[in-house]
Amino acid sequence: MDSSEFYKNIRDNLRKAVAEITGGKMVNNQDYTILVVDDDRGTRDLLLEILKEYTVITAENGEEALERVKNTDERPDLILLDVVMPGGRNGYEVCKRLKADEDIQDIPVIFLTVKADAEEEAQGLELGAVDYIHKPINSRIVKARVKNYLELRTHQLNEQIVAHIQKTMLPEKFRPLPHQSNLDLFAKMAPTKKVGGDFYDFFFIGLEKLAFVIGDVEGKGVPAALFLAVCLTLLRAEITKTGYVDICLGNVNNLLILQCPLYKSVVVFIGILDVYTGEVKHACGGHDLPYLLNPKGEAEKLPGPGSDNDGRALGKLEDQEYKAGKIMLNKGEALFLYTDGVTRATKKGGDMFGKERLIQYLEKNSQKSPEELSKGVIQEIEQFTTGEPQSDDITVMALRYN
Amino acid sequence: MSIKESLKKEKDIPVKSSKQASFGDLEGIDAQGALERLKVGTKTYAMSLEAFFEDYTDIIDKIKDALNRKNVPEVRQLLHTLSGAAGNIGAVRVEKAASMIGTAIKEGQSNLTPLIGDLEIALNTALKSVNSVMSKIL
């Protein structure tokens with residue numbers, strides 16, 4: 001397989017992944033399915049006509065509605081649900097059933113009814129319905145409500161896609177690293193609600209070499225998540241293929257510019273550890289350099305080329321050259337990698353967590369295991385920010401050589 | 001050819017056409033108001049009139065029957081459905097009469113006969129109008 005075919009495959013797979021996650025939704029209005037549940041034929045027919053720009057499916061009663069919703073082939077994006085229907089199961093009960101099912105509880109429900117009293121309407125909203133549409137039907141109101149809630153739904157789906165991509169792309173199993181008792185590694189990410197684009201990766205090349213990666217892509221939301229998936233895949237492929245950290249960054253940089261028309265950049269740090277000798281070769285593309293922790297309790301920035309934020313982010317300038325650095329990890333030493341979400345974590349009033357606090361924590365806890373260290377730093381940040389929502393992901397990775 | 005089939009053959013004409021006039025003088029049905037509110041073509045509107053005619057001719061019997069069986073939830077459901085359907089097509093008096101009975105039941109009123117009589121008259125008027133417009137279209 002030549003490289004263009006390889007990257008075409010990646011792109012095709014990404015497209016498939018998005019289609020799978022979204023159920024192929026979000027392209028045009030006909031791709032939205034709306035389920036209209038009403039025992040009155042006239043109401044169903046009118047709504048079919050009024051909402052003809054969407055795909056409308058109908059049900060005459062609660063049982064039929066629940067059946068239709070369970071059919072994943074035509075799962076609706078929005079449900080217009082009559083409150084009063086014959087046959088025992090009224091709209092409120094149907095809504096309760098929908099909201100109790102994990103797979104379908106996210107589908108917004110709008111009750112459709114002759115104007116009810118406030119008490120009744122409150123009851124419906126408390127069951128989890130998003131709104132009411134009153135009969136007699138007013139076309140403009142129906143169209144506007146439907147449009148608004150579908151937009152909201154799309155936004156929610158986007159957030160799910162993003163979280164899904166980030167979650168499924170990043171490795172989660174840290175232990176046991178195969179055949180290696182002298183290595184301990186842990187990584188943790190505290191994502192923001194909007195997903196800031198952080199990622200990490202680690203994998204073995206053969207039995208002797210462990211590659212580890214940490215990075216942060218530009219932007220937020222779905223485009224950033226897709227770009228993140230591309231970056232992770234390219235880095236993994238190029239590290240494995242070349243075995244050289246500097247060549248890998250150079251290749252990925254060019255590939256992002258030439259082959260991946262997303263026009264975004266990424267900052268990244270990569271290392272390859274020889275697990276028998278402790279030698280680490282590393283290269284940096286505009287990312288914060290890790291700290292080296294020694295058993296005496298000192299934390300210092302990793303020496304070597306590629307300073308913090310030196311403007312060599314990948315995906316900006318073609319044919320950028322990257323330099324490799326080399327250190328020997330002695331037994332008991334550890335590397336601590338972090339994204340800028342750590343130092344830029346901000347509390348109310350604007351104070352940032354900063355490098356000093358990070359160094360202090362690392363030096364005080366240098367003997368701790370990677371897992372304790374990673375979780376400890378995130379906890380320390382949470383205490384510092386006192387739960388203030390952060391605008392960027394916070395990601396840490398620790399690697400100890402024994 | 002059934003009413004429905006003949007209607008389907010009619011081209012759906014936008015609201016602001018001269019056809020709208022043929023719905024204008026229906027007793028008990030505010031067709032113009034309904035068309036403005038629904039913003040559907042006359043064909044769609046005529047079809048919902050037809051559906052109303054077909055589905056609600058025997059609703060009074062059903063309501064009376066449920067009342068005899070003292071099945072209050074069923075009575076309320078029937079009234080609610082009728083009120084919604086009537087409101088949609090602009091059968092304003094039917095809509096009001098049905099919802100008034102609903103309120104009367106909620107308030108515990110025992111003698112519903114006069115109110116049901118009112119509803120029956122309003123409904124018959126509306127159904128007659130629908131029937132007349134159907135035969136005109138035929």
Side-chain angles (χ1 to χ4, degrees), chain A residues 36-54 56 58-62 80-94 110-121 123-124 132-147, chain B residues 4 7-8 12 14-15 29-30 33-56 59 62-63 66 71 73-92 94-96 98-103 106-107 126 130:
Chain A
V36 171
V37 190
D38 201 303
D39 59 317
D40 176 48
R41 171 161 64 116
T43 304
R44 293 195 304 273
D45 288 349
L46 282 171
L47 287 170
L48 274 169
E49 178 64 20
I50 290 168
L51 297 171
K52 65 184 171 193
E53 64 192 284
Y54 306 101
V56 179
T58 60
E60 288 181 34
N61 55 53
L80 304 186
L81 181 59
D82 188 18
V83 176
V84 183
M85 289 181 289
R89 207 184 283 290
N90 69 21
Y92 292 142
E93 282 169 53
V94 174
I110 299 178
F111 278 125
L112 200 58
T113 188
V114 174
K115 202 160 173 53
D117 57 43
E119 171 62 30
E120 214 174 295
E121 213 157 300
Q123 192 195 337
Y132 272 79
I133 288 175
H134 292 125
K135 293 179 192 169
I137 289 166
N138 180 302
S139 179
R140 279 172 64 198
I141 289 176
V142 170
K143 282 185 173 175
R145 292 238 156 95
V146 163
K147 181 170 169 281
Chain B
K4 207 172 200 173
L7 281 170
K8 272 181 184 158
D12 209 8
V15 179
I29 296 178
D30 175 15
L35 280 165
E36 273 164 21
R37 174 168 44 74
L38 295 167
K39 300 206 183 307
V40 294
T42 48
K43 184 187 148 197
T44 303
Y45 180 62
M47 281 178 73
S48 52
L49 288 180
E50 194 205 9
F52 185 79
F53 185 83
E54 286 178 3
D55 295 348
Y56 295 100
I59 187 109
K62 285 184 188 163
I63 293 169
N71 188 340
E74 190 182 332
V75 174
R76 291 182 70 176
Q77 177 260 310
L78 289 166
L79 288 166
H80 191 97
T81 304
L82 174 62
S83 165
N88 281 343
I89 60 160
V92 192
V94 178
E95 180 195 3
K96 278 194 184 137
S99 73
M100 269 173 76
I101 305 175
T103 313
K106 224 184 226 175
E107 288 167 354
V130 172

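Below, chains carry the letters A, B, ... as their sequence lines are ordered, and counting in each starts from 1.
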Of all the heavy-atom pairs spanning A:I137 and B:L38, show the shortest one and how long it is.
O-CD2, 3.6 Å
Taking every heavy atom of B:K106 against every heavy atom of A:E120, the minimum-distance pair comes out as NZ-OE1, 4.2 Å
Scan side-chain atoms only and decide if A:D45 and B:S48 contain a donor-acceptor pair under the 3.5 Å cut-off.
no
Top contributor to chain B interface from A:I141, A:D39, A:I50, A:D38 [non-hydrogen pairs under 4.5 Å]
A:D39
Rounded to the nearest 0.5 Å, how far does OG1 of B:T81 lie from CG of A:D40?
7.0 Å
Atom NZ in A:K135, atom NE2 in B:H80: separation rounded to 0.5 Å?
5.5 Å
Side-chain touch B:E95/A:V114, heavy atoms, less than 4.5 angstrom
no
Interatomic distance, CE@B:M47 vs CZ@A:R41, rounded to 0.5 Å, equals 8.0 Å
Quick check for you: among A:V142, A:T113, A:L48, A:V84, which has the greatest number of heavy-atom pairs under 4.5 Å with chain B?
A:V84
d(B:K39 NZ, A:K143 NZ) to nearest 0.5 Å is 9.0 Å
